[in-house]
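Following: one structure in structure tokens, then a few remarks.
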There are 2 protein chains.
Amino acid sequence: MPRTVTAFSNTTVKRLRSLRDKKYRRSEGMFLAEGLRIIAEARDSGVLPEIIAFSADGAKHPLAAEIIAATEAAGGEAIETSADILSKMSGKDNPQMLLGAYRQPDTALNRIDRSTAPLWIVAQALRDPGNIGTTLRTADAVGAGGLILIDECADPFSVEAVRASMGAIFTKQVATADWLDFLTWLHFEQSQLVGTSLKATHGYLDAGYYPPCFLLIGNEQQGLPAEYEAQCDLLVKIPMAGRADSLNAAVAAAVMSYAITASWGRARG
Amino acid sequence: MPRTVTAFSNTTVKRLRSLRDKKYRRSEGMFLAEGLRIIAEARDSGVLPEIIAFSADGAKHPLAAEIIAATEAAGGEAIETSADILSKMSGKDNPQMLLGAYRQPDTALNRIDRSTAPLWIVAQALRDPGNIGTTLRTADAVGAGGLILIDECADPFSVEAVRASMGAIFTKQVATADWLDFLTWLHFEQSQLVGTSLKATHGYLDAGYYPPCFLLIGNEQQGLPAEYEAQCDLLVKIPMAGRADSLNAAVAAAVMSYAITASWGRARG
């Protein structure tokens, strides 16, 4: 049976709330996801929270009730609490009525089997958690295997990134690595590393892409460093018709991902 | 000569700070842009701020000094102030060293001459200011004429939207209209209204697009309402290979915009 918790000072409340901070997410190895939509997506992918918190209203939804029961049956903790306390935990004025705390998956690079998907997205020093979540969502949409985060990126398990992923944080692989370890791993097996560059001579629609293809996206402010570009097997250019010289990083990742998978569709068709 | 202002209670400081609120942006008809990059982009497009605020450090950059002088020469106000006060005005912990307050352009739909660009992006009830700014940035990159905001959208002149636009707020047209007024205006001249729908039978890569093409993007949560889809001349489907049934709105706008302009490139080539 779920416990009812009404005090901000409750240990579980304080623990869930602490997961808004990267430091505690890291030390606890946990992260938060909010809302029935994402929590149901996780459950459908075989992942249940270790702790689930909800309002009385939130528990009325049959699907929510089912997930709460499944969480308890699996040995997890379920607490019913107030909208006020849910709001404190999620940091939002209009909190979702359901909040789950999940175990972080292992993000070691060697957990990735590149043969399981034709495309992998690699992001270098991506600083905006929204861009990371949005790119995971795109990875799902194009059938990419997941997202490899190179160098110092924003935390893919932050509340903002999880929210922007719309559940893809539970269905796509996430790995973190520094650049040299990534290159070593990459070259251990066959691969194509593709970067975008204004200096490229190939248009992004005219180039040949080969699986397993690793699409490398640069930092929001600086783009890819020259020495990273130099390691790419292929550099392509996305046309920029206007005054600006770059796209939003998540947008560039999506335009490229769709172009790459479309080129394979045409080759097959 | 710029005045030096050190008091939070200064009238200009309070006025600039008030522009973080939509209510005051609307009543004053002004908006804020931060940082040398966007402010220089505005100047290059012939737009100077009515008020410019900067730190002593900010004014050291030759380009910043030039824009400050040009603002004053054009009858604008220039104030030198502290990093603390700039931070209060921009609402950021690490404020930009330069901040401009600009007159909002007229966003009446009849200011748009559709013959000036082959593609226009139309967003319905877009709620995230980051998505609006990012889509303006994409509009610039693909050579679209601008962004038409239908129904209740987030404010394109909010600090977040201006920041995400990377300056495109100054170079692309922005219009606001309700749906029925938009349809009346649209049908007054030749056009193609294109929407994306999971129910569409045309793949987005196989459809024929004709300028002036109006690409209609739906709200983040609900997508396009059925009655809006019904008004489209063409509905196309972006393939979704994974579990989710939609892309981030700014991502969908970009994937479609690049596909549409690429189809024209191939037709010419």
Side-chain angles (χ1 to χ4, degrees), chain A residues 37-38 40-42 44-45 117-119 128 130-131 133-146 160 164-168 170-172 203-206 220-221 238-259 261-263 265-266 269, chain B residues 37-38 40-42 44-45 117-119 128 130-131 133-146 160 164-168 170-172 203-206 220-221 238-259 261-263 265-266 269:
Chain A
R37 187 164 170 172
I38 293 183
E41 179 70 29
D44 292 349
S45 312
L119 176 65
D128 182 304
N131 281 341
T134 299
T135 300
L136 271 167
R137 183 178 180 184
T138 300
D140 172 76
V142 298
E160 297 76 17
S165 86
M166 293 293 281
F170 293 109
T171 60
K172 296 285 116 181
Y204 80 119
L205 292 171
D206 308 319
E220 288 94 345
Q221 300 300 315
I238 301 178
M240 303 293 298
R243 300 182 53 93
D245 60 4
S246 68
L247 292 165
N248 165 279
V251 159
V255 168
M256 281 301 300
S257 295
Y258 269 95
T261 52
S263 78
R266 277 195 294 274
Chain B
R37 187 163 170 174
I38 294 184
E41 180 69 30
D44 292 349
S45 311
L119 176 65
D128 181 304
N131 280 341
T134 299
T135 300
L136 271 167
R137 184 178 178 184
T138 299
D140 172 77
V142 297
E160 297 76 16
S165 85
M166 293 294 281
F170 294 109
T171 61
K172 296 285 116 181
Y204 80 118
L205 292 171
D206 308 318
E220 288 95 344
Q221 300 301 315
I238 302 178
M240 304 292 298
R243 300 183 53 92
D245 61 3
S246 68
L247 292 166
N248 164 279
V251 160
V255 169
M256 282 299 302
S257 294
Y258 269 96
T261 53
S263 79
R266 277 195 294 273

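Being a predicted model, the structure only gives us computed values, none of them experimental. Chain letters run A, B, ... following the sequence lines, proteins first, then strands; residues in each count from 1.
Heavy-atom pairs under 4.5 Å with chain A were tallied for Ser246(B), Ala164(B), Gly167(B), Gly143(B); the largest tally goes to Ser246(B). Interface check for chain A: of the options Arg243(B), Lys172(B), Glu41(B), Arg37(B), the most heavy-atom pairs under 4.5 Å are formed by Arg243(B). Contact count against chain B (heavy-atom pairs under 4.5 Å) is highest for Leu247(A) among Ile238(A), Leu247(A), Thr171(A).
Here the straight-line distance linking atom CG of Asn248(A) with atom CG of Leu136(B) works out to 12.5 Å at 0.5 Å rounding. Put simply, OG1 on Thr261(B) and CG on Leu205(A) are 8.5 Å apart, with the number rounded to the nearest 0.5 Å.
Heavy atoms of Asp44(B) lying under 4.5 Å from chain A belong to its backbone as well as its side chain. For Ser257(B), no part lies under 4.5 angstrom from a heavy atom of chain A. Looking at Met166(B), neither its backbone nor its side chain comes within 4.5 Å of chain A, counting heavy atoms on both sides.
When every heavy atom of Ala254(B) is checked against every heavy atom of Val251(A), the shortest pair comes out as CB-CG1, 3.4 Å.
With sequence neighbours excluded, the residues satisfying side-chain contact (heavy atoms from CB on, under 4.5 Å) with Thr135(B) are Ile121(B), Leu147(B), Ala250(B), Ala253(B).
With contacts defined as side-chain heavy-atom distances shorter than 4.5 Å, the pair Tyr258(A)/Tyr258(B) does not qualify.
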